[in-house]
Amino acid sequence: MPNPTTSLELAQQLQAAFGELVSLLPSFRDEVSVQVQSADRIQEVCRYAKQALGFDLLLDLSSVDQYGDDPRFLVVYELYGLAHGCHLRIRTSVSEEKSELPTVSTVWRTANWHEREVYDMMGIRFGGHPDLRRILMWDGYPYFPLRKDFPLAGKPSEMPDVAFTRLAPLEGGPFVTSPGAKDTIAREPRSRTPDA
Amino acid sequence: MMPATDSQNSSRLTTADYGYNSKIEGEVVHTRVDAALNWFRKNSLWPMPMGLACCAIELMAAGASRFDISRFGSEVMRFSPRQSDVMIVAGTVTYKMAMAVRRIYEQMAEPKWVIAMGACASTGGMYRSYAVLQGVDNILPVDVYVAGCPPRPEALLDALIRLQNKVGREPLLKDLKRDSGPAYYGKMKFDLDTKTVQTIAS
């Protein structure tokens, strides 16, 4: 059965409703993405997408660390509508100085744990979140391990009677592949520094 | 009963031929006390299943009918540490779980043993990571390490048999309290400051 609407049409409706705030990104393999220019207004865009456009399922909420760029963080929302079967990706940028944007757990309740994970791993806070605690690491762990400037081997930490961490032995690693190299010998995973 | 003939009598062995006369010895078997106690211990090692990852599935398979760990007297998986003898650490020990594993080990009554099942529990395995303890022997004294990712149930049974052999050789009477045992077999202490297991020499 053909869909009565497409992702692109829905993204254009979203853009028409918010004007300058929402811009359409070039689509990649029929995946439609939009960028929300101001992270402070992500909640109202998401509420409109859910209530008016029928994106009733938040598939995933994740974050990207574009280390070295400004703004540093990208928060990504993957939406799906069960009735019309269309996907939509919403992105918004967050600067390192601010590191905060409004929660969407009031729109989709499932965002609660996703936002806790983003907070735990990347250190981005969600304003208005009902229970913003770490979800994977323990309360009191001092680092945000998925940031690009966090070393692969980890960092030592100490929290008496709760947990501790130590450096992991990398044994000459990390072992990194070179995907574009000309033959399999050059492509093999080898010990390289992340910068090289 | 068949009537015994002379030819059958001459070929049939009786207990008297083994030098054991039940009339005199009264169903008594002579042995050493520690050999008997070790024999009791090693044939009913009740496991504390510390299932933390996929190795726990193989641990369950070892307990099920095809591999049947009860052939070796270890079918009674105790989820209470008070009632168990051997902790089988099956899976990836994260730093978040490490103190809990240590605490459950401390709640087990002496004598107690530890099997580190699989690559992760033994060395951290493929997880060279900020989140994973690089081997449970950082916090517990391990008796037997099992290689594999995950190990087959046969490998766990082999580890159990090796542990039984170890238990069978323990100088039990000299070591009724582990504090008084020889240094190589002394009491293990977990030092909270350095996060290492130390042997306390007696």
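Reminder, nothing fancy here: chain letters follow the sequence lines and each chain counts from 1.
- Taking CE of B:Met97 as the start and CH2 of A:Trp138 as the end, the distance is 13.0 Å to the nearest 0.5 Å.
- Remark: B:Arg32 CZ is loosely packed, at most 12 non-hydrogen atoms of other residues, nucleotides or ligands lying under 6.0 Å away.
- Atom CZ of A:Arg134 and atom NZ of B:Lys96 lie 10.0 Å apart (nearest 0.5 Å).
- Within a 6.0 Å sphere centred on CZ of B:Arg103, heavy atoms belonging to other residues, nucleotides or ligands number 12 at most.
- Both the backbone and the side chain of A:Met137 have a heavy atom closer than 4.5 Å to some heavy atom of chain B.
- Once rounded to the nearest 0.5 Å, the distance linking OG1 of A:Thr165 with CD of B:Gln134 reads 11.0 Å.
- For B:Arg78, the CZ atom counts as densely surrounded, since its 6.0 Å shell holds more than 12 non-hydrogen atoms of other residues, nucleotides or ligands.
- Taking a 6.0 Å sphere around NZ of A:Lys155, one finds it holds more than 12 heavy atoms contributed by other residues, nucleotides or ligands.
- With rounding to the nearest 0.5 angstrom, the CZ atom of B:Arg128 is 10.0 Å from the CZ atom of A:Phe175.
- The closest side-chain heavy-atom distance from A:Tyr141 to B:Tyr95 is not below 4.5 Å.
- The shortest side-chain heavy-atom distance between B:Asn138 and A:Arg166 falls under the 4.5 Å cut-off.
- Within the model, atoms OH of B:Tyr130 and CG of A:Leu167 stand 14.5 Å from one another, a figure rounded to the nearest 0.5 Å.
- No more than 12 heavy atoms of other residues, nucleotides or ligands lie within 6.0 Å of CG in A:Asp30, so this atom counts as exposed by the packing criterion.
- By the neighbour-count criterion of 12 heavy atoms within 6.0 Å, atom CG of A:Leu82 is densely surrounded, having more than that number from other residues, nucleotides or ligands.
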